[in-house]
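Just so it is clear: chains get the letters A, B, ... in the order the sequence lines come, proteins before strands, and each one is counted from 1.
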There are 2 protein chains.
Amino acid sequence: MAGRTAGEGVREIPEATVARLPVYLRALTGLADDGITTCSSEELALVAGVNSAKLRKDLSYLGSYGTRGVGYDVDYLRYQIAREIGVTQDLPVVIVGIGNLGHALANYSGFRSRGFRVVALLDADPTRHGEVVAGVEVRAFDDLEAIVREHDVAIGVIATPASAAQDVADRMVACGISSVLNFAPAVIAVPEGVDVRKVDLSIELQILAYHEQRKSHGAGERMEAAQ
Amino acid sequence: MAGRTAGEGVREIPEATVARLPVYLRALTGLADDGITTCSSEELALVAGVNSAKLRKDLSYLGSYGTRGVGYDVDYLRYQIAREIGVTQDLPVVIVGIGNLGHALANYSGFRSRGFRVVALLDADPTRHGEVVAGVEVRAFDDLEAIVREHDVAIGVIATPASAAQDVADRMVACGISSVLNFAPAVIAVPEGVDVRKVDLSIELQILAYHEQRKSHGAGERMEAAQ
DNA sequence: TAGATTGTTAATCGATTAACAATC
DNA sequence: TAGATTGTTAATCGATTAACAATC
């Protein structure tokens, strides 16, 4: 149930840490872009938006890549984190559903720059086929299997309406895709061994709404620091 | 630091529970659409994608809205959760940055159907001004303050490039916006009392990549259920 | 009354944090 | 050597879960 049973040092990295590694990676890239070659856990934590104790604890799961009294080499740490995540070379991705969101995703430069390559855009609507988005031609959903086989695609992105999401997920799984990023506002069921992550735009807004409501009530204290 | 000090029954709902309330709300809406008027915690948990113990524990923070031996009235529970979140009437939202993602967000029907109203679309690029997206005219970023004042906007959405995000956030905060949903791939700093939630498309993909990598290594066990 | 299901308790698990010994 | 900063320990905190008494 917990995947591989430990044993020969297959480091078990906590899920909360895994979710922050990409944040550190981005922060390090930002530092490197600014010409900074070395940083302390304090400095990196600041730009990553976490506290330094948490950062050091997180990094300790990967190994000892810092130097006491000195800090971390930006490029070296960046490579180690990228290696740990597995984004040192481009991973092929397919996007299904080329509506507004699919367009945005296809054009999203952050995929390319962070180790992903959009190898295909698929849509069920035949009138969309042949259209070129972000340099990639929109193809029929039925081409999924051939594309997955050709490019050895392991990650699929669902950007369809909610009603189509489960069907798309089933087809992806049947083709051998084992990681799914789901933007459709629907819970999808997948077999054991397949990972699903869900991004839900309106849920994030609702969480904000909850806190917003709490602020305006109970008029006791108000925003203390107004910058 | 923990906001209002308890006292006269200002229920303190755990953050993890708050994040799931919108999920329950959506699940209940789905059940209602299917004509289901009553459900058990087991049934609701199934469609929400959580286990029933967690669901009941979460709902217990809101009050006692179920009936032992019977279950929950779908419409009643739905109303209670919506009231708790604060989305019983439309909350005004502004979106800044009308690129691909901004377009997708403006057209996203889930906002409207879940208690949010996009009152303005703003972009720094003058060539975009006047364009109508999803029935709303794109206006100048400088109009932000007037719009926030006119519609009493409390929630802002940032869909700009990373380089503009901090500046947009500063301007939003200066206008009195106290909740920000940030889609730009950048950490933004805001004063105490302002909430920020961040949606990062490439981070989600990277988390999937990490698990994907782990699957292909250690060839020990494989996907047991292939559906 | 018997069966069903909630709401709550308590145990467990995992994540965060402060503090500091190790060490550059 | 003195100063700085990592990597780790241990304490704390919060979230999850199973179990079951309460009660419809």
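A close approach under 4.0 Å does not occur between any side-chain nitrogen or oxygen of B:S41 and OP1 or OP2 of C:dT5.
Partners of B:D195 under the side chain to side chain contact (heavy atoms under 4.5 Å, CB included) rule, at least two apart in sequence or in another chain, are A:L208, A:H211, A:K215, B:S179. Remark: A:Y79 pairs with no residue by the ring-ring contact (aromatic ring centres under 6.0 Å, His included) rule, at least two apart or across chains. For A:S41, the side-chain hydrogen bond (donor to acceptor under 3.5 Å, both in side chains) criterion is met by A:R56, not counting sequence neighbours. Checked against side-chain hydrogen bond (donor to acceptor under 3.5 Å, both in side chains), B:R117 has no partners two or more places apart in sequence or in another chain. Applying the ring-ring contact (aromatic ring centres under 6.0 Å, His included) test to B:F183 and every residue at least two apart in sequence or in another chain returns nothing. Contacts of A:D75 classified as side-chain hydrogen bond (donor to acceptor under 3.5 Å, both in side chains), with partners at least two apart in sequence or in another chain: A:R78. With sequence neighbours excluded, no residue forms a ring-ring contact (aromatic ring centres under 6.0 Å, His included) with B:Y24. Residues that satisfy the side chain to side chain contact (heavy atoms under 4.5 Å, CB included) test with A:R68, not counting sequence neighbours, are absent from this structure.
Summarising the geometry, the separation between CG on A:D58 and P on C:dT16 is reported as 7 Å, rounded to the nearest angstrom. Atom pair B:Y72:OH and C:dT6:C1' shows a separation of 6 Å (rounding to whole Å applied). In this structure, the CG atom of B:N51 is 13 Å from the C1' atom of D:dA19, given to the nearest Å. One atom, CG of B:D73, and another, P of C:dT5, lie 16 Å apart when rounded to the nearest Å. Spacing between atom CD of A:E42 and atom C1' of D:dG7 amounts to 15 Å, rounded to whole angstrom units. To the nearest angstrom, P of C:dG7 lies 10 Å from CG of B:L55. Rounded to a whole Å, the CG atom of B:L44 is 14 Å from the P atom of C:dT5. Residue A:R56 contributes atom CZ, which lies 10 Å from atom C1' of D:dT8 at whole-angstrom precision.
Screening residues 100-114 of chain A for salt bridge (charged side-chain N to carboxylate O under 4.0 Å, His left out), with sequence neighbours left out, gives A:D90-A:R112.
Stem regions annotated for DNA chain C: C:3-24 with D:3-24, counting only runs of 3 or more consecutive pairs of Watson-Crick or G-U type with both contacts under 3.5 Å.
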Under-3.5 Å N/O pairs linking protein and nucleotides 22-24 of chain C:
unit_1, atom_1, unit_2, atom_2, d
C:dA22, N3, A:R68, NH1, 2.9
C:dC24, O4', A:R68, O, 3.4
C:dC24, O2, A:R68, O, 3.4

Pairs: protein N or O with nucleotides 9-15 of chain D N or O, under 3.5 Å:
none

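Between B:E84 and A:R214, at least one side-chain nitrogen of the basic residue sits less than 4.0 Å from a carboxylate oxygen of the acidic one, meeting the salt-bridge criterion.
Residue A:P92 comes nearest to A:V119 through the heavy atom pair CB-CG1, 3.7 Å, listed as atom of the first residue, atom of the second, then distance.
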